[in-house]
There are 2 protein chains.
Amino acid sequence: MSAPTTADLLALDRAAQDLLFRAARTANTFTDEPVTDAQVAAIHDLIRYGPTAYNGQPLRVLLLRTAAARERLLPYVSSSNRAKTASAPLVAVLAADVDFHERLPELYPHRPQARDWLGDRPARAEQARFSATLQIGYLLVGVRAAGLAAGPMAGFDAAGVTREFFPDGRYEALLLLNVGHPGRDAWEQRLPRLSSEEVVLTL
Amino acid sequence: MSAPTTADLLALDRAAQDLLFRAARTANTFTDEPVTDAQVAAIHDLIRYGPTAYNGQPLRVLLLRTAAARERLLPYVSSSNRAKTASAPLVAVLAADVDFHERLPELYPHRPQARDWLGDRPARAEQARFSATLQIGYLLVGVRAAGLAAGPMAGFDAAGVTREFFPDGRYEALLLLNVGHPGRDAWEQRLPRLSSEEVVLTL
């Protein structure tokens, strides 16, 4: 028996804690094993219950399945991310639907007028980015819940990817995500994390 | 035995899926049972392993423990959120550290020059908000992992809270969070969620 730690204060069991956070790592290499559409749907079926402002759920996930689609992405990826983006079994563009408010009468039925509060596009785009980014947090946890490794990449030309894949301006690219089973030498040593004493302030 | 569903495609067990997502709800009322600093530290000790850009970890969590601190918050909270903010056992301001780059030589040691790439404050603030929002996604999952209910509130004057609690401009308030055990009539019926067919696009 190991000594009790903060992990014992959680309701979530240790194996799940490890799967989702403690043992999970950002993968830089992947095996050839594919990631299926059924796996992606299963991940979304789980994480769609995470909360968003107005229940607006603005996250959209564009899977680049064809070689042609992936080729279109590569010029916008930073050089240090290009090799893994070219070799990952699945690459996705994670984006925010700036016009998420159109669905609010259905998604937020007790206040259907919320759609009209969000008429101003710049303010709405900020809301869309915020809630979609929260959902990306849930999604990264969900990828790990599926037993897969996630490789989020912020090093890319987001405006270029938005123009390339979403030319009508409705979606804004926020993050690229490689998904698969970790390959050889998939990661370096774990980088340091801040302690709760450094992060949690009290008044 | 129930029929197999997408839940069976996940490595995470059903009880954990329910705890974190399927059965978890945004609470609007809470019991009097306190949330301890040890519980908050345990949640952070779990979710701090979630990935952030440059491993920058810009999320800061300000706990409003005193009555005076909570009183200072209430004028900035929308009228529909005021009663629950006044009664929740724990209220936190979730914020982004715009000067997170100062720690990068320690947190991202293989590229210490990243600190200098982030010299421009507006671009850095956007990075800080993005990664801190990802971390808020992890944090909401972590609150649930502790067996607690989270009540995130986007309906507040973020600029006002930033001025009130972070007058030196280093931190930007992003979200308010009530935490506790769900009270009586803590939630209405679950709001509808988008299907993966609506969210996942393929090229």
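Letters A, B, ... mirror the listed sequences (proteins, then strands); counts begin at 1. All values reported here derive from a predicted model rather than from experimental measurement. All heavy atoms count here, side chains included; hydrogens, waters and symmetry mates do not.
- Here OH of A/Tyr138 is found 8.0 Å from CZ of B/Phe21. Values are rounded to the nearest 0.5 Å.
- Looking at A/Pro192, the atoms closer than 4.5 Å to chain B (heavy atoms on both sides) sit in the backbone and in the side chain alike.
- A 4.5 Å side-chain heavy-atom check between A/Leu191 and B/Pro109 finds at least one atom pair inside the cut-off.
- A/Leu9 is not listed as a side-chain neighbour of B/Ile43, based on a closest heavy-atom distance of 4.5 Å or more.
- A 4.5 Å side-chain heavy-atom check between B/Gln39 and A/Leu10 finds every atom pair outside the cut-off.
- In this structure, the separation between OG on B/Ser131 and CG on A/Leu175 is 9.0 Å, given to the nearest 0.5 Å.
- At a 4.5 Å heavy-atom cutoff, the contact between A/Val141 and chain B is made by side-chain atoms alone.
- There is no contact between B/Arg70 and chain A, counting heavy-atom distances below 4.5 Å.
- No side-chain heavy atom of A/Leu194 sits less than 4.5 Å from a side-chain heavy atom of B/Leu59.
- Heavy atoms only, all atoms of each residue included: A/Val199 and B/His44 are closest at CG2-NE2, 3.5 Å.
- Annotation: residues 159-173 of chain A contacts chain B through A/Phe165, A/Tyr171 [non-hydrogen atoms, separation under 4.5 Å].
- Listed by chain and residue number, A/Arg129 satisfy the side-chain contact (heavy atoms from CB on, under 4.5 Å) test with A/Glu126 (two or more places apart in sequence, or in another chain).
- A heavy-atom distance below 4.5 Å is not found between the side chains of B/Leu62 and A/Thr202.
- Contacts between A/Leu139 and chain B at a heavy-atom distance below 4.5 Å are absent for every atom of the residue.
- Residues A/Glu198 and B/Arg60 are not paired through a salt bridge, judged by the lack of any N-O separation under 4.0 Å between the basic side chain and the carboxylate.
- The side-chain heavy atoms of B/Leu201 and A/Leu63, taken from C-beta on, include no pair separated by under 4.5 Å.
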From CA spacing to verdict: side chain to side chain contact (heavy atoms under 4.5 Å, CB included), A/Arg25, B/Tyr49: CA-CA 8 Å; A/Arg25 300 294 307 278; B/Tyr49 294 106; over 6 Å; no
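- The environment of A/Asp120 atom CG is dense: over 12 non-hydrogen atoms of other residues, nucleotides or ligands sit within 6.0 angstrom.
- In the displayed structure, B/Asp116 atom CG is contacted under 6.0 Å by more than 12 heavy atoms of other residues, nucleotides or ligands.
- For A/Leu20, the part lying under 4.5 angstrom from a heavy atom of chain B is the side chain only.
- Neither the backbone nor the side chain of A/Asp97 comes within less than 4.5 Å of any heavy atom in chain B.
- For A/Ser80 against B/Arg111, the heavy-atom pair with the smallest separation is CB-NH2, 3.9 Å.
- Of the atoms belonging to B/Asn55, it is side-chain heavy atoms, and not backbone ones, that fall under 4.5 Å from chain A.
- Interface residue A/Val40: only side-chain heavy atoms are found under 4.5 Å from chain B.
- The candidate from B/Asp37, B/Val200, B/Leu19, B/Ile136 with the greatest count of non-hydrogen atom pairs under 4.5 Å with chain A is B/Val200.
- Side-chain N or O atoms of A/Arg65 include none that pairs as donor or acceptor with a backbone N or O of B/Leu203 at under 3.5 Å.
- Side-chain atoms of A/Arg48 never come within 3.5 Å of backbone atoms of B/Ser196 as a donor-acceptor pair (strictly under, hydrogens ignored).
- When all heavy atoms of A/Leu46 and B/Gln17 are compared, the closest pair comes out as CD1-CB, 3.7 Å.
- Considering all non-hydrogen atoms of both residues, A/Leu134 and B/Leu140 come closest at CD2-CD1, 4.5 Å.
- Listed options B/Val61, B/Leu148, B/Thr66 were ranked by heavy-atom pairs under 4.5 angstrom with chain A; first place goes to B/Val61.
- Heavy atoms of A/Arg103 lying under 4.5 Å from chain B belong exclusively to its side chain.
- A/Ala11 touches chain B through backbone and side chain together, each having a heavy atom under 4.5 Å away.
- Between B/Glu188 and A/His110, every side-chain heavy-atom pair lies at or beyond the 4.5 Å cut-off.
- If you tally non-hydrogen atom pairs under 4.5 Å between each of A/Pro51, A/Pro152, A/Gly147 and chain B, the highest count goes to A/Pro51.
- Heavy atoms closer than 4.5 Å to chain B are found in the side chain of A/Ala154, but not in its backbone.
- Expressed to the nearest 0.5 Å, how far OG1 of B/Thr133 lies from CD of A/Gln135 amounts to 12.5 Å.
- Within a 6.0 Å sphere centred on CD of A/Gln189, heavy atoms belonging to other residues, nucleotides or ligands number 12 at most.
- Only the side chain of A/Thr26 comes within contact range of chain B, with at least one heavy atom under 4.5 Å from a heavy atom of that chain.
- Interface remark: A/Leu64 contributes backbone and side-chain atoms alike to the contact with chain B (heavy atom separation under 4.5 Å).
- With a 4.5 Å cut-off on non-hydrogen atoms, B/Ala42 touches chain A through its backbone and its side chain both.
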